[in-house]
Student: 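Okay, handing you the structure first.
Just so you know, these numbers come straight off a predicted model, no measurement behind them. Letters go in sequence order (proteins before strands), and every chain restarts at 1.
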Amino acid sequence: MRITHKLIANTVIRNVNRNLWRMSQYQDMLSSGKAITRPSQDPVKITRIMGYNASLQQNEQYQRNIDAAKAWVETTEDALAGINDVLQRARELAVSGADGSKSSAARQAIAMEIDELIGVLIQMGNSSLGGRYLFAGHQTTTVPFTRDKSLLATEPTSVVYHGDTGALQWEIAPNVTIKGNIDGQSLFVDTGIFEHLDQLAAALNNDDIDAINTQLGNISASINAILDKRAALAAISNGLELSQKKTSLEKLNITALRSQLEDIDFAETFMYYSTMQTLYHASLAAGARIMVPSLIDFLR
Amino acid sequence: MSTFFGLNIARLGMQAQQKALEVTSHNIANANTPGYSRQVAHMTPTAALTYAQKGMLGTGVLVDEIARIRDAFLDRQIRQEQHTLGQWKARSAYLEQIEQIFMEPTESGVNAVLSTFFDSWQELSINPESSSARTAVIENANFLINTIRHTASSLISVRDDIRANIELKISEVNSLAAQISDLNQQITNLVARNDQPSDLMDRRDLLLEQLAEIIDFDLTVSTNGSINVYVAGRPLVHENISYELKTVSGGTDGSWTLAPKIAWAKDNQEVDLGNGEIYGLIKLHDENLRRYLQDFEIMAWGIVNAVNNAHQRGIDLNGEAGLDFFQGTDLQNLRVNSEISSDPAKIAAALPDPDNPSTAKPGDGSNAVAIAQLRNSRFRLDLDAPDLKDRLVQDDQGSTTLEYFYRDTISRLGVDAQESSRMKENQTAMLELMTNRRLSISGVSLDEEMANMVQFQLAYQAAARFIATLDEIYNTLINGMIR
C-alpha cells in the first residue's frame with residue numbers, strides 16, 4: 001500500500017480522537033458512578049433499572065405507610081391499656097360498692113369516683129394522634145365523645161358518640177391494605193361501657209345492690225371485650241412488624257439488583273481508564289513522531 | 001537531419017522536465033486540498049526518425065497528458081456507502097437528542113415523577129384531613145403535568161426541526177445539482193478541446209460525494225466528459241442542466257401530519273427516495289418520532305382519564321362528589337382543575353358511604369389509596385380508538401400498566417438509538433477504510449513528490465548542461481573551423 005502524508009495525518013487524528021473519546025467515556029462512568037446513563041447504551045437494562053427505581057420509590061412510600069400505621073396502632077394500644085386500667089378500677093369500686101356493709105355516704109363517694117372515671121374514659125376515647133381522633137371512625141376531625149348529664153333523664157347514658165364506624169385503611173404493600181383502627185362505636189357504644197358506668201353510678205347512688213352486681217358483671221364483660229380488642233391489635237402490630245421487615249428486605253434486594261445493573265465496578269473502571277489514558281498518550285506521542293519527518297528534512 | 005537537431009532534443013527535455021516539476025509543485029500545493037487527486041505528467045518520446053536504414057533516432061520528449069490518479073470504481077463504492085451513512089447519521093443525531101429529552105433514568109424523568117405523583121396520593125391516604133398532604137398532591141400533580149408538557153413540547157420542537165431540516169437539505173441538493181451541471185459545462189468545453197480538466201473533475205467528484213450523503217442517486221458518465229445524475233430514475237443533472245427538487249405537504253395520517261414529501265419542481269411529481277439523509281429524516285419523522293410522541297400522549301391521557309374517573313368516584317372534605325382532577329383538551333392546556341388547586345379540600349380522598357353518600361368523611365383516605373393503586377392497575381391498549389385520548393383504557397384483563405407502557409416507549413427509543421448509532425459507526429468505519437484506500441491511491445505523498453522533484457531537477461540540469469555542451473560544439477564548428 002502506498003502511504004501518503006494525508007493518510008498518516010488522518011489515521012493519527014482518528015486514533016487520537018477515538019482514544020480520547022473512550023477515555024472520556026470512562027471518565028463519565030467514574031464521575032457518575034453509573035455504567036448506564038442513557039437508554040441506547042442498553043435498552044433492556046434501562047427498562048429494568050427504571051422498574052427498580054419505581055419499585056424503590058414505591059417501597060419507600062410503603063415504609064412510610066407502615067410507619068404511620070404502626071404509630072396509629074401503638075397509640076391505640078396505649079389508649080386501650082389505659083381504658084383497661086380505668087375499667088379495672090371501676091370494677092374494684094363496684095365490688096366494694098356491692099359490699100352490704102357500706103354506708104350510703106360511702107356508696108355516694110364511690111359513685112362520685114365512678115363519675116370521675118367516666119370523664120377519664122371520655123378523655124381516653126378522645127385520644128388523638130397528630131390531630132386525628134383515634135376512635136372516631138372516619139370523622140377524625142370531630143371530637144368523638146361528649147358528655148351531657150341531662151341526657152340521663154331519657155337515655156341510659158350521658159355520653160354521646162359523634163363518630164362513625166368507618167375503617168381506616170393503610171396500603172402496606174401493592175394492593176394489600178390493612179384496617180388499623182377501632183371505631184368508637186364498637187369500642188364504647190356496642191360494648192355499653194359508658195352505659196354500664198352511668199348505670200353503676202345511679203345504682204350506687206340508689207343503694208341498689210342488685211343493680212350494682214348486674215353492672216359489675218357487665219363491666220367484667222367489657223374488660224374481656226377490651227382484652228379481645230387488644231389481642232386483635234397486637235396481631236395487627238405483629239403483622240406490621242413483619243411487613244416492615246419484608247419491605248426493608250425488599251429494598252435491600254432491589255437496591256442490590258439495580259446496583260448490579262447500573263453501578264460501575266470502580267476498581268475495574270479505573271483500571272480501564274488508566275489503560276485508555278496510557279493508550280491516548282502513546283497515540284499522541286506516536287503521532288508527533290510519525291508526522292514530523294519527511295524527505296524534506298534530509299534534502300539539502 | 002539538421003545540425004541543430006540535438007539542441008532541439010535538449011530543449012524538449014528541459015521543457016518536459018520543467019512541466020513535470022510544475023505538476024510536482026501543484027501536487028505539493030494541493031497536498032491538503034479536500035478531494036484533490038495527485039496528478040502525473042505522462043511523458044512520451046516524440047516520433048523517432050529513421051537513420052539511414054541503420055535504426056531509429058529519437059527526437060526528444062513531450063508531456064502528452066497531465067492525468068489525475070483516481071479509481072472510479074472506488075469512488076462509486078464510496079458514494080454507495082455514503083447514502084447509508086447519511087441516513088443513519090441523521091437518525092442517530094436526532095435520536096440522541098430525543099433520548100436527552102426523555103431524561104431517563106434520572107430523577108427528572110417521567111418514570112420518577114409519575115412515581116412521586118402516586119406516592120403523594122399514598123401520603124394523602126394516611127393523612128387525608130391534612131391540608132399539607134392535600135397541597136402536596138396538587139404540587140406533585142403540577143410537577144407531573146409540567147414534566148409531561150415539557151417533554152411533549154420538546155418532542156414537538158424536534159419534529160419541527162426535522163421538517164425544517166428536510167427543507168434545508170432539499171435546497172442543498174438543488175445548489176449542489178446546479179454546481180455539478182455548471183462544472184459539467186466547463187468540463188465538456190475543455191474536453192472538446194482535448195484537454196484533461198483534472199482539477200474540475202476533482203471538484204465535481206467532491207460535490208457528488210456531498211450529494212451522495214443527502215440523497216441516493218445513480219450516475220452515468222458521457223463520452224463528452226459530463227456526468228448525469230438520476231434520482232429515482234429521473235435526471236437531477238443532465239449535461240449542463242439541473243432540475244430542481246422541492247418539498248410538498250405530506251398530508252396527514254390520522255392526527256399525525258406527515259413529513260413533507262419530495263417532488264420535482266417542474267411537474268410536482270413525487271420522488272420516492274430509498275436512502276440518504278433526507279430519506280432518514282422522513283423515516284425518523286413518520287415512524288420513530290411519531291410513535292414516541294403518540295405513545296407518550298396516549299400514556300398521558302391514560303393517566304389523566306384514570307385519575308379523573310377514580311377521583312369522581314370519591315367525595316371531598318365537604319362530602320361533595322369529586323370533580324375532574326385534571327382539566328384540559330390537549331397536553332398544552334392540561335392542568336389540575338382550578339377549583340381543586342384553589343381549594344385543596346376539594347380533593348376527593350374519601351369514598352362515599354353508600355347509605356349516606358353526601359356525608360363528609362375527613363378521616364377516610366380510601367379513594368386516595370384507590371388512586372395511588374392506579375400505578376399497579378391493568379390497562380388495555382385500544383389501537384382502534386380514533387382519538388389518542390381513548391387508547392389506553394383501564395381494564396382488569398389488560399396486559400399493561402401505565403409504567404410498563406411508558407417503559408416500553410423508552411426501551412423502543414433505546415433500541416432505535418442503539419441501532420442507528422451502530423449503523424452510523426459501522427458505515428463510518430467502512431468509509432474510513434475506503435477513504436484510506438483512496439488516499440493511498442490518489443493522495444499526495446510528499447516524500448514521493450520530493451523524490452520526483454530531485455529527479456526532474458537533475459534531468460533538467462542535465463538537459464541544460466547538454467545545451468552548454470552543444471554550444472561549445474557549435475562554437476568550435478562555426479567560429480573555430482573557418483578562419
Student: Taking side chain as everything from C-beta outward and backbone as N, CA, C, O, which of these in B:S411 sits under 4.5 Å from a heavy atom of chain A? Side chain, backbone, both or neither.
Tutor: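 Both backbone and side chain.
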Student: Examine whether an atom of B:A31 lies under 4.5 Å from a heavy atom of chain A, and if so say whether it belongs to the side chain, the backbone or both; otherwise answer neither.
Tutor: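 The answer is the backbone of B:A31.
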Student: Where on B:E129 is there a heavy atom nearer than 4.5 Å to chain A: the side chain, the backbone, both, or neither?
Tutor: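 For B:E129, the contact with chain A is made by the side chain alone.
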Student: Taking B:S442's backbone N and O only, do any of them form a donor-acceptor pair with A:R2's side chain (distance below 3.5 Å, no angle check)?
Tutor: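 Checking the backbone N and O of B:S442 against the side chain of A:R2, no donor-acceptor pair under 3.5 Å is found.
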Student: With only heavy atoms counted, which part of A:Y62 is less than 4.5 Å from chain B, the side chain, the backbone, both or neither?
Tutor: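 Just its side chain gets close to chain B.
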Student: Is A:Q41 close to chain B through its backbone or its side chain, or both, or neither, when contacts mean heavy atoms under 4.5 Å?
Tutor: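 Contact with chain B involves the backbone of A:Q41 alone.
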Student: Rounded at 0.5 Å granularity, tell me how far CD in A:Q57 sits from CD in B:E107.
Tutor: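 Output value for this atom pair is 7.0 Å.
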Student: Compare every heavy atom of A:P43 with every heavy atom of B:G414, then report the nearest pair and how far apart it is.
Tutor: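 In terms of heavy atoms, the two residues are closest at C-CG, 3.5 Å.
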Student: Select one option (side chain, backbone, both, neither) describing which atoms of A:T142 are under 4.5 Å from chain B's heavy atoms.
Tutor: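 When you check distances to chain B, no heavy atom of A:T142 falls under 4.5 Å.
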Student: Counting only non-hydrogen atoms closer than 4.5 Å, does B:I441 touch chain A with its backbone (N, CA, C, O), its side chain (CB onward), both, or neither?
Tutor: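 B:I441 touches chain A through backbone heavy atoms alone.
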Student: Is there a side-chain contact between B:Q418 and A:P39 in this structure, where contact means two heavy atoms from C-beta onward sitting under 4.5 Å apart?
Tutor: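 A side-chain contact under 4.5 Å is absent here.
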Student: Give the member of A:A9, A:G131, A:P174, A:G51 that has the highest number of heavy-atom pairs under 4.5 Å with chain B.
Tutor: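 Most heavy-atom pairs under 4.5 Å with chain B: A:G51.
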Student: Can you tell me which of A:K6, A:E171, A:Q169, A:M50 forms the most heavy-atom pairs within a distance under 4.5 Å of chain B?
Tutor: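 Ranked by contacts with chain B, first place is A:M50.
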Student: Working to the nearest 0.5 Å, report the span between OG of B:S115 and CG of A:N53.
Tutor: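 Nearest 0.5 Å value for the OG-CG distance: 8.5 Å.
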Student: Would you confirm whether B:D119, through its side chain, and A:Q61, through its main-chain N or O, come within 3.5 Å as a donor-acceptor pair?
Tutor: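 Looks like no, no N/O pair under 3.5 Å.
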Student: Select one option (side chain, backbone, both, neither) describing which atoms of B:T116 are under 4.5 Å from chain A's heavy atoms.
Tutor: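 Both backbone and side chain.
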Student: Under a 4.5 Å heavy-atom cut-off, does chain A meet the side chain of B:E448, its backbone, both or neither?
Tutor: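 Contact with chain A is through the side chain of B:E448 alone.
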Student: Let me know if A:A54 has heavy atoms under 4.5 Å from chain B in its side chain, its backbone, both or neither.
Tutor: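 Contact with chain B involves both backbone and side-chain atoms of A:A54.
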Student: Could you look at B:E449 and say if it's the side chain, the backbone, both or neither that has a heavy atom under 4.5 Å from chain A?
Tutor: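 The answer is neither part of B:E449.
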Student: To check you understand the geometry: which heavy-atom pair defines the closest contact between A:T4 and B:G443, and what is its length?
Tutor: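 That would be CG2-O, 3.5 Å.
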Student: Using non-hydrogen atoms and a 4.5 Å limit, figure out which bit of B:E403 sits close to chain A: side chain, backbone, both or neither.
Tutor: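 B:E403 touches chain A through side-chain heavy atoms alone.
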Student: Between CG of B:L413 and OG of A:S40, what distance do you get to the nearest 0.5 Å?
Tutor: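 The OG atom of A:S40 is 7.5 Å from CG of B:L413, to the nearest 0.5 Å.
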Student: Side chain, backbone, both or neither: which part of B:R438 has a non-hydrogen atom closer than 4.5 Å to chain A?
Tutor: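 The answer is neither part of B:R438.
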Student: So which heavy atom on A:Q139 is nearest to which on B:P362, and how close?
Tutor: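 So the two residues come closest at OE1-CD, 3.4 Å.
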Student: Quick check on B:A360 against chain A: is it the side chain, the backbone, both or neither that has a heavy atom closer than 4.5 Å?
Tutor: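 The backbone, not the side chain.
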Student: Examine whether an atom of B:R422 lies under 4.5 Å from a heavy atom of chain A, and if so say whether it belongs to the side chain, the backbone or both; otherwise answer neither.
Tutor: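 Interface part for B:R422: neither.
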Student: Given that the side chain runs from C-beta out, which part of A:L7 has a heavy atom under 4.5 Å from chain B: side chain, backbone, both or neither?
Tutor: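 When you check distances to chain B, atoms from both the backbone and side chain of A:L7 fall under 4.5 Å.
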Student: Specify which of A:N181, A:I49, A:N10, A:N175 makes the most heavy-atom pairs with chain B at under 4.5 Å.
Tutor: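 Going by pairs under 4.5 Å, I would pick A:N175.
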Student: For A:R48, is it the side chain, the backbone, both, or neither that has a heavy atom closer than 4.5 Å to a heavy atom of chain B?
Tutor: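 Neither part.
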Student: Quick one: pull up CD1 in A:I46 and CD1 in B:I410 and give me the separation to the nearest 0.5 Å.
Tutor: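 A:I46 CD1 to B:I410 CD1: 9.0 Å, rounded to 0.5 Å.
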Student: Please state whether the side chain, the backbone, both or neither of B:V415 comes within less than 4.5 Å of a heavy atom of chain A.
Tutor: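 The answer is both parts of B:V415.
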